[in-house]
Amino acid sequence: MNVVTCIAPVNIAVIKYWGKRDEDLILPINDSLSATLHTDHLCAKTTVMTSADFKEDRIWLNGSEESIDNKRLQNCLKEIRKRAKLGSDVGSWKVHICSENNFPTAAGLASSAAGYACLVAALAGLYNVEGDISAAARSGSGSACRSVFGGFVRWYSGSKPDGSDSIAKQIAAPEHWPQMRILVLVVNDASKKVSSAIGMKRSVATSELLKYRAEHSVPRRVEEMTKAILDRDFTKFAELTMKDSNQFHATCLDTFPPCVYMNDTSHAIVELIHAYNAAAGETKAAYTFDAGPNATLYLLEKDVPEVISILNHYFPTISLGDIGVEYLKGIPVQPAAVSEDLLRRINAERQSPGKLKYIIHTCARDVELIDKYGVITSLFGACIHKRDTRPLQEIVGEIIGHFVAYEEELGKRGTIFFGGTEPGMLDVLMWPWVERAKALPLAFDQPLNFDKEKFPHLMKWINGMKGQKFVQKNFGPFEAFAKVIKAQDDVDYDSI
Ligand code: DP6
């Protein structure tokens, strides 16, 4: 049996995706832009297993079995199996999938984005698929293609009928704007809404405003938003975020019959944020709402304590204003004392207790290490295909230089794996290259001086990865790989 476990992040759009130009291929009518959130606080976790003994593909979501005949699931499986690099018998084995979120699915917090991004990353690990997996994630759920990257991510709608130019790209890494913080306000609301897929189909069919939005508003806004992010211009970023959320919900109301996602509490949050920004004399927070009543606030780190206190004042908890552990989750924060004067100037209504279930305080996620890893794999590729003719030690020196960031990151995280206590997306993608690195000195008959003492965390990581069952099952001897490199003219690519 082969097993792979992965985690993947949630992303929250600041320029929304709403409407498909191709329902089957999941191609959007407009570009969208989002921030990918930290997996410590919101993430999906998926384990995939394959075995000769499994009679059929099966899936369990948050502990209960669901139908595998879901078209989106089938799309992901098909996409990944098409690119599988395994022996034909393993490639034909059935797969069992177990997926769960570390937040309630019912909260409607972009769970499908994290879920499908996680599923394709785990399947890619299981089936040894390399390269960009964002298109495979998109085939499960549109917004999932943005969760494959960290920081601020733009999903280009593209115009080609086959969707080959409808891809996600990172526009800025999280360290570009490390002060950016996110508060997810989970609204107490149990009612079932129209799913995004059905809602957007209905909007495309009936809303004139949606057509206007896709053709006129969004193209201008994505450019302005990209500039605001690159310039770290919070005022502009916040204005565009709020306007785009409002316009998206206006198109939902313009849909016939209308899709109503925000509720009274959502509208009270909108009112409070505008009243707070006005009282503060500057834009301190921005709200955005997906297809549900929960709000996501974007704000800067320095303002988090004050905003938490203001929220607690206007949306008291049932326990009369106490911010307990259960109420405030995520990055710890000490609420600031808010002056009576500021509260007097905020022209908003105080809500009855219990309108907010809880608040999650989080930040952007640094999955950009995954993107950076592409530099290492390109160097490695150029070396083994002899496109880079420099002495091996020089190329390896450059590769090792890039590994310094990974060593430092593991040190900062204080965990064996980048994914935490278990391998995540980055661990799985990195491993095949690390496993084959020992083949280089054999293939090129040159010594490779790797100073292990400079990389204590990566050495622990290598040992941890070697202990993983899926690594042991898929292990390929580096001596065999060295032979493949040497036999350049007669390469058996299936053995790579
Ligand atoms: C409102 O990605 O869930 O969150 O492609 O049909 O799976 P499908 O839709 P989905 O839609 C998300 C819509 C949104 C806005 C956004 O995330 O951009």
Side-chain angles (χ1 to χ4, degrees), residues 9-17 32-42 103 107-110 113 143 146-147 149-155 170-187 221-222 224-249 262 266 269-278 280 282-311 315 328-331 333 356 359-366:
V10 161
N11 72 75
I12 300 287
V14 289
I15 301 289
K16 306 288 187 198
Y17 145 55
S32 55
L33 217 154
S34 59
T36 301
L37 310 189
H38 207 293
T39 44
D40 277 1
H41 317 117
L42 288 162
F103 54 92
L109 293 171
S143 54
R146 298 187 310 238
S147 269
F149 301 100
F152 296 92
V153 182
R154 178 168 172 178
W155 173 18
Q170 184 186 64
I171 58 165
E175 64 258 30
H176 167 74
W177 207 349
Q179 300 83 3
M180 186 62 92
R181 287 287 177 274
I182 293 109
L183 292 175
V184 181
L185 314 187
V186 180
V187 170
R221 274 189 193 148
V222 272
E224 288 177 5
M225 183 59 97
T226 304
K227 185 170 183 317
I229 291 167
L230 295 178
D231 294 349
R232 291 186 209 94
D233 178 348
F234 185 77
T235 307
K236 190 74 193 161
F237 171 89
E239 180 197 317
L240 289 166
T241 298
M242 293 187 277
K243 283 186 171 169
D244 198 71
S245 173
N246 293 341
Q247 192 189 47
F248 153 51
H249 287 277
M262 292 168 69
S266 318
I269 294 169
V270 169
E271 193 190 310
L272 174 63
I273 296 303
H274 282 292
Y276 168 57
N277 287 340
E282 60 178 303
T283 311
K284 293 215 174 203
Y287 55 78
T288 183
F289 295 81
D290 280 344
N294 303 310
T296 299
L297 303 186
Y298 279 91
L299 69 170
L300 297 177
E301 190 180 5
K302 67 179 175 46
D303 296 318
V304 173
E306 183 172 274
V307 171
I308 292 281
S309 296
I310 302 244
L311 285 168
F315 290 91
L328 184 60
K329 301 166 191 264
I331 306 171
V333 52
L356 290 187
I359 300 175
I360 305 165
H361 175 209
T362 187
C363 57
R365 157 84 171 162
D366 44 349

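On a predicted model such as this, the values are computed, not experimentally measured, just so you know.
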Note to self: If you define the side chain from C-beta out and look only at heavy atoms, does anything of K236 sit under 4.5 Å from T283?
What the structure shows: no
Check: Going through the checks in order, is the side chain to side chain contact (heavy atoms under 4.5 Å, CB included) test met by T288 and D244?
Finding: CA-CA 8 Å; T288 183; D244 198 71; over 6 Å; no
Next item on the list: Report yes if the side chains of F149 and N11 come closer than 4.5 Å at any heavy-atom pair, otherwise no.
Entry: no
Next item on the list: Can you spot which of L42, L297, I12, I359 makes a side chain to side chain contact (heavy atoms under 4.5 Å, CB included) with V184?
Entry: L42
Check: So how far is it from R221 CZ to K16 NZ, rounded to the nearest 0.5 Å?
Finding: 12.0 Å
Next item on the list: Evaluate the side-chain proximity of L183 to L311: yes if any heavy-atom separation is below 4.5 Å, no if none is.
Entry: yes
Checklist line | Main-chain N/O of S143 paired with S147 side-chain donor or acceptor, under 3.5 Å | finding: no
Check: So which heavy atom on G151 is nearest to which on P174, and how close?
Finding: CA-CD, 3.5 Å
Checklist line | Least distance between heavy atoms, I273 atom then A285 atom | finding: CG2-O, 3.4 Å
Item checked: Student check: side-chain heavy atoms of R181 and C363 closer than 4.5 Å -> yes
Note to self: I'd like to know whether L299 forms a side chain to side chain contact (heavy atoms under 4.5 Å, CB included) with V304, so could you lay out the CA-CA distance, the side-chain angles of the two residues, the decisive distance to 0.1 Å, and finally the verdict.
What the structure shows: CA-CA 7 Å; L299 69 170; V304 173; 3.9 Å; yes
Notebook entry, point to check: Hey, does the side chain of H249 reach the backbone of F289 with a donor-acceptor pair shorter than 3.5 angstrom?
Noted result: yes
Check: Could you give the distance from OG (S34) to CE (M225), rounded to the nearest 0.5 Å?
Finding: 10.5 Å
Check: Where do V14 and L240 land on the side chain to side chain contact (heavy atoms under 4.5 Å, CB included) test, with the steps shown first?
Finding: CA-CA 8 Å; V14 289; L240 289 166; over 6 Å; no
Margin query: Quick one, H176 and R232 - any side-chain contact, counting heavy atoms below 4.5 Å?
Written below: yes
Check: Roughly how far, to the nearest 0.5 Å, is the CD1 atom of I182 from the NE2 atom of H38?
Finding: 10.5 Å
Check: Can you tell me how far the OG1 atom of T296 sits from the CG atom of L185, to the nearest 0.5 Å?
Finding: 7.5 Å
Margin query: Measuring only between side-chain heavy atoms, which start at C-beta, is V222 closer than 4.5 Å to W155?
Written below: no
Checklist line | A13 to R146 - nearest heavy-atom pair and separation | finding: CB-NH2, 3.7 Å
Check: How about L33 and V153: do any of their side-chain heavy atoms sit closer than 4.5 Å?
Finding: no
Notebook entry, point to check: Is the shortest heavy-atom distance from the side chain of T362 to the side chain of V10 under 4.5 Å?
Noted result: no
Margin query: Using side chain to side chain contact (heavy atoms under 4.5 Å, CB included), reason through N277 and M242 one step at a time and then give a plain yes or no.
Written below: CA-CA 12 Å; N277 287 340; M242 293 187 277; 4.1 Å; yes
Next item on the list: Could you grab the distance from atom CZ of F248 to atom CG of D290, nearest 0.5 Å is fine?
Entry: 6.5 Å
Margin query: What's the separation between atom CD in E239 and atom CZ in F234, rounded to the nearest 0.5 Å?
Written below: 12.0 Å
Next item on the list: Mind telling me whether Y298 and F237 have parallel, tilted or perpendicular rings, with 30° and 60° as the class edges?
Entry: perpendicular
